[in-house]
Amino acid sequence: MIEQERELVASLPKAYEPQEVEGKWYRFWEEGGYFKPRTGTTGKTFVISMPPPNVTGALHLGHAITATIEDILIRYHRMTGDDTLWVPGEDHAGIATQVVVERLLASEGTDRHKVGREAFIERVWQWVHKYKSRIQDQHRRLGASCDWSRERFTLDDGLSRAVREVFVRLYEEGLIYRGERIINWCPHDMSALSDLEVNHVDTPGTLTYVRYPLKPEPGHENEPTEYISVATTRPETILGDTAVAVNPKDPRYANLIGRMAILPVIGREIPIVADEAVDSSFGTGAVKVTPAHDPTDFEIGMRHNLPRVQVIGFDAKMTGEAGPYAGQDRYEARKNLVEELKRLELLLKVEDYTVPLGHCQRCDTVIEPLISKQWFVKMTPLATPAMGAVKYGQMKIVPERFNKVYMDWLENIHDWCISRQLWWGHRIPVWYCDDCGEMIASREDVTTCPHCDSANIHQDEDVLDTWFSSWLWPFSTLGWPDATPDLQHYYPTSVMETGYDIIFFWVARMAMAGIHFMGLIPFHTIYLHGLVRDAKGEKMSKSKNNVIDPIEVMDQYGTDALRFTLATSSTPGNDMKLVPERIVGNRNFANKIWNASRFVLMTTVEIGGGVPDIRVVQPTTLADRWILSRLAKLTGRVTALIENFQLGEAGRQINEFFWSDYCDWYVEIAKVQLQGDEETRRGTAGILRAVLDQSLRLLHPYMPFVTEEVWQYLYRICEPDSSRWPASALIVAPWPQANAEASDDDMEQDFGLLQEVITRIRDARSQMNVEPARRVPVLMAAGSYLEMVRAQAPLIEFLARTEKPQLFEQLDQKPEQAMSLLAGPVEIYLPLAGLLDIGKEVERLDKEIVQAQQEIARLHGKLANEAFVTRAKPEVVEKERERLAVQEERIGKLLERRAELGG
RNA sequence: GGGCGAUUAGCUCAGUUGGUUAGAGCGCCGCCUUGACAUGGCGGAGGUCACAGAUUCGAGUUCUGUAUCGCCCACCA
């Protein structure tokens, strides 16, 4: 029997091979149904709606960090016994997907108009199927333990129904309306955009000063022409001017208000009006008003009932209204018009000026503000309760500073333009009767007009903004508008985890929709992570060619290494630079786990006792107690950190414990203890396994693959009777409880002293260039620590490679020709006759003496400070006094030693 | 124009109720192929915590200001 296990252990490769194990375990988990929620032991649910990636292409590191953080939270909660659900899905990404497929068509020498709407949508679906499954596979590679049986797509039947329901409800509530407004128009994508889809880029441009002749007042026709001067960044819009506005309080223009100016080139007479919106300190203090091409001017136009003359068309070419410039591109017309103005001596000057130019988020084309009939959502009534939810703490944002970002946006929210002149997306559920003009918003397709019974009706051609489906995600994915069991059980969700770059697009809108349609906030916590940047700190983008493909990283270093790096390289809300060295380091960490585990199995395979529960394990040595105390404290800290979303810090602490405390100290000490009697060997094996077991559990959310692999070996080899396993797999093994009883500060302090003794001796050996293999004699005066040191002497022998230490409480006769060291109050003497250089030894001692003196002086000063002693907390003062006592004892010993050496 | 973040070792970053001599990884120096791991071990060097003030017995940590870098928002033409 043992033979079999021994062979198994011997067969384990020397290095961890991620590619051999990852796929195997993912299939095991998925096929075993471990990703599905199960009635938990805590009575609590924990739910995350995965931010649906766009089906535009492959996953990038932004998705990898999202999946990693969410999977950590999900796996942690699953292990704590919560009824845990992670709903995956993908987003149809209206405009983004349409743009990529149109590019594909272009490469085939065709375009969507040539292939037609229906065939085009068919092409997009082909694309979607391909990339949807690629995205699923990539999430699997990342180890995402989401419930694939509940996967949703924003354009599937259920979600489409939710979208219609929402549209119609808002329409009926008067919160959706159709109207002619100035909107952001992308002349390339030929669609309206919302404000959020426009990126403003400060661009060097010019401010052009132009004077308009004034129409002479009656009776003054023969006097010299008067002028009014205006400044503009977009001269071509002059052709569409329908007024000039000045501030009513501006004395310079008071007498011009009401007069008419004559528009150059076009010759149109336009009024000079007074409007508060004009800032008299900017430019000339007089503003040309183009209601059809500028939002501010549009408002002014409304107030003064000005006509709207559209001179720039939806294709960014000048319209018939532009007179001689009709048909020209907007920038060409600009150039030509400025030339003409110069010729007419109406151009005053051209200044350099930086303009914030709006660009299309998707295709980077310069946006043109145009008047157009679009659908809008009235946002203020939705925004108010969403603000309240954060203000009154029902929704907590991590990190907190994003409260302000969220609040400021909602406070200044504008109506949301939701119609898009695209083909890919949810068609607007509105029908128009061609006979009576009736407009019908309907949950069901409409074939006859309810008003006049005419069958002569047609559906609105436009589709909805892609975010109009995503903002319903937390409840639409659970079955809404039906009151499904999932919806009742899992809504509201727990944590919305996503990048801070989509607070407005998505998070705030989900808050609004959740409250409005469900009457309940969609999630209690909003956790925002930062962006992943390249090693130089630049945003990754295809054009910069600095994109790191997560798949390549996983191929090279393993998924666990990538996950651990992403999880521990930054703090919430802060960007991270992904440096390859760090991934390598974490690949090494996975290998360390593998090898430490292999050691435990190899050296204890023949020792019975199984994998004992950490709570019943019996420590017999100082090291046993120490590692259990360290682990107990670690467990408490890690649990608290994860609960507080300090995932990076939690991960780092587990890493530190495992590598430093467990591997570098306890495992090394175990090598000694495993040479002991049967009871000690069994005890040590038990602790090695129990601590490994618990470490693997703590680490599992971060590094699911290597931990599951190792954990399964641990139990298979040490607990052949699987009925004794705490769980069928690590993924559902209970999350460890911190064992408060194991925590022992005094004992940790003793162990700390032992570590110092060992380190001092190693240091001395290193400085003296003692060959590593050589055992050195050692004498120690341990004072009150004599018993402790005596008990640990075998460890000192082994770890510092000394002969059997000669121990004393006090040494009246100090050894001659010996190097003397201090570890706390413990005096250590290494008689290294022949190796010792007295001069160097004196030098070293003097350095230590100076250090001690400085420290004593500092402490004296502090304790002599009346204010400190009286005002600081007593325990702080006491601590300082103790430190002083320690240092004084130390310097006494140093000086004594120094005297012996002469001088 | 408004707001936010960052600034800690050569590099990448931790450091959450203010309290020992500020930590880690990588890199660097020295030693070691010791029977888990060289994707390793042991030891070491390396920091005026951006700057200037303030609060406090005590500040990397709190406050104010400054500088540099970065990000977000924004209908001054």
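Just the heavy atoms: all of them, side chains too, but no hydrogens, waters or symmetry mates, feed the values below. First the proteins, then the strands, lettered A, B, ... as listed; each starts at 1.
- Comparing the C1' positions of rC57(B) and rA14(B) gives an interatomic distance of 29 Å, to the nearest angstrom.
- When the nucleotides rG5(B), rA36(B), rC57(B) are ranked by their closest atom to the side chain of F599(A), rA36(B) comes out on top.
- Both R801(A) and R871(A) lie near RNA chain B, and the one whose nearest nucleotide falls closer to the 5' end is R801(A).
- Among the atoms of the strands shown, base atoms are found under 4.0 Å from some heavy atom of V876(A).
- Note on T571(A): a side-chain N or O is less than 4.0 Å away from OP1 or OP2 of rA14(B).
- For H293(A) (side chain) and P291(A) (main-chain N/O), no donor-acceptor pair under 3.5 Å exists by modelled atom type.
- A salt bridge does not link E843(A) to K840(A): none of the charged side-chain nitrogens sits closer than 4.0 Å to a carboxylate oxygen.
- Going from atom CZ of R774(A) over to atom C1' of rC31(B) covers 15 Å, rounded to whole Å.
- For R582(A), no side-chain nitrogen or oxygen approaches OP1 or OP2 of rC26(B) to under 4.0 Å.
- Taking atom CD1 of I583(A) as the reference point, atom C1' of rC26(B) lies 13 Å away to the nearest angstrom.
- For the residue pair K249(A) and S280(A), no side-chain donor N or O sits within less than 3.5 Å of a side-chain acceptor on the partner.
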Any chance you could lay out the side chain to side chain donor-acceptor pair (under 3.5 Å) test for E649(A) and Q653(A), step after step, and finish with the verdict?
CA-CA 6 Å; E649(A) 187 58 20; Q653(A) 291 203 17; 3.2 Å; yes
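- With rounding to whole Å, D664(A) atom CG is found 15 Å from rC37(B) atom P.
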Which donor-acceptor pairs under 3.5 Å do the side chains of residues 767-774 of chain A make with protein atoms, sequence neighbours left out?
| residue | atom | partner | partner atom | Å |
| --- | --- | --- | --- | --- |
| Q767(A) | NE2 | D763(A) | OD1 | 3.1 |
| Q767(A) | NE2 | D763(A) | OD2 | 3.4 |

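- Under the Watson-Crick or G-U wobble criterion, with both distances below 3.5 Å, rC31(B) is paired with rG41(B).
- In the set rA36(B), rG15(B), rG43(B), the nucleotide with an atom closest to the side chain of E649(A) is rG15(B).
- Between the CZ atom of F798(A) and the P atom of rG41(B) there is a distance of 15 Å, given to the nearest Å.
- Nucleotides rG30(B) and rG70(B) have their C1' atoms positioned 41 Å apart, rounded to a whole Å.
- When each of rA14(B), rC37(B), rC4(B) is scored by its nearest atom to the side-chain atoms of K404(A), the top-ranked nucleotide is rC4(B).
- No engagement by N769(A) is indicated, since no non-hydrogen atom pair under 4.0 Å with the nucleic acid exists.
- Within 4.0 Å of R598(A), counting heavy atoms only, lie sugar-phosphate atoms of the nucleic acid but no base atom.
- Taking atom C1' on both rA22(B) and rU39(B), the two are 30 Å apart, rounded to the nearest angstrom.
- The residue K14(A) sits close only to the backbone: its heavy atoms come under 4.0 Å of sugar-phosphate atoms, none of a base.
- Between R844(A) and E848(A) there is a salt bridge, since at least one side-chain N of the basic residue sits less than 4.0 Å from a carboxylate O of the acidic one.
- Contact annotation: K592(A) reaches the phosphate of rG41(B) (side-chain N/O to OP1 or OP2, under 4.0 Å).
- Rounded to whole Å, the P atom of rG1(B) lies 46 Å from the corresponding atom of rG46(B).
- The separation between K862(A) atom NZ and rU56(B) atom P is 18 Å, rounded to whole Å.
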Readout for nucleotides 67-77 of chain B: B = base within 4.0 Å of protein heavy atom, S = sugar-phosphate only, - = neither; 5' to 3' it is ----S-SBBBB
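- Taking atom C1' in both rG35(B) and rA45(B), the straight-line distance is 33 Å, to the nearest Å.
- Where F402(A) and I758(A) meet RNA chain B, the nucleotide closest to each residue was compared, and F402(A) sits on the side nearer the 5' end.
- Judged by distance alone with a 3.5 Å cut-off, no donor-acceptor contact links the side chain of Q653(A) to the base of rA24(B).
- For the pair R181(A) and D415(A), the salt-bridge criterion is not met [side-chain N within less than 4.0 Å of a carboxylate O].
- rG18(B) sits 8 Å from rG58(B) when the C1' atoms are compared, rounded to a whole Å.
- Looking at the side chain of W659(A), the nearest of the listed nucleotides rC32(B), rC37(B), rG40(B) is rG40(B).
- Listed pair N588(A) / rG40(B) meets the phosphate criterion, a side-chain N or O lying under 4.0 Å from OP1 or OP2.
- Here rA9(B) sits opposite no nucleotide as a Watson-Crick or G-U wobble pair (both hydrogen-bonding atom distances under 3.5 Å).
- Taking atom CZ on R883(A) and atom P on rU20(B), their separation rounds to 9 Å, with Å as the unit.
- When only modelled atom types and interatomic distance are considered, N586(A) and T565(A) share a side-chain donor-acceptor pair under 3.5 Å.
- The separation between E882(A) atom CD and rG19(B) atom C1' is 14 Å, rounded to whole Å.
- Between rA9(B) and rG60(B), the two P atoms lie 15 Å apart (nearest whole Å).
- Geometric assessment of K592(A) against the ring of Y662(A) yields a negative cation-pi assignment under the 6.0 Å and 45° thresholds.
- In this structure, N574(A) places its CG atom 9 Å from P of rG15(B), rounding to the nearest Å.
- Picking from rG41(B), rC26(B), rG5(B) the nucleotide with the shortest atom distance to the side chain of E581(A) gives rC26(B).
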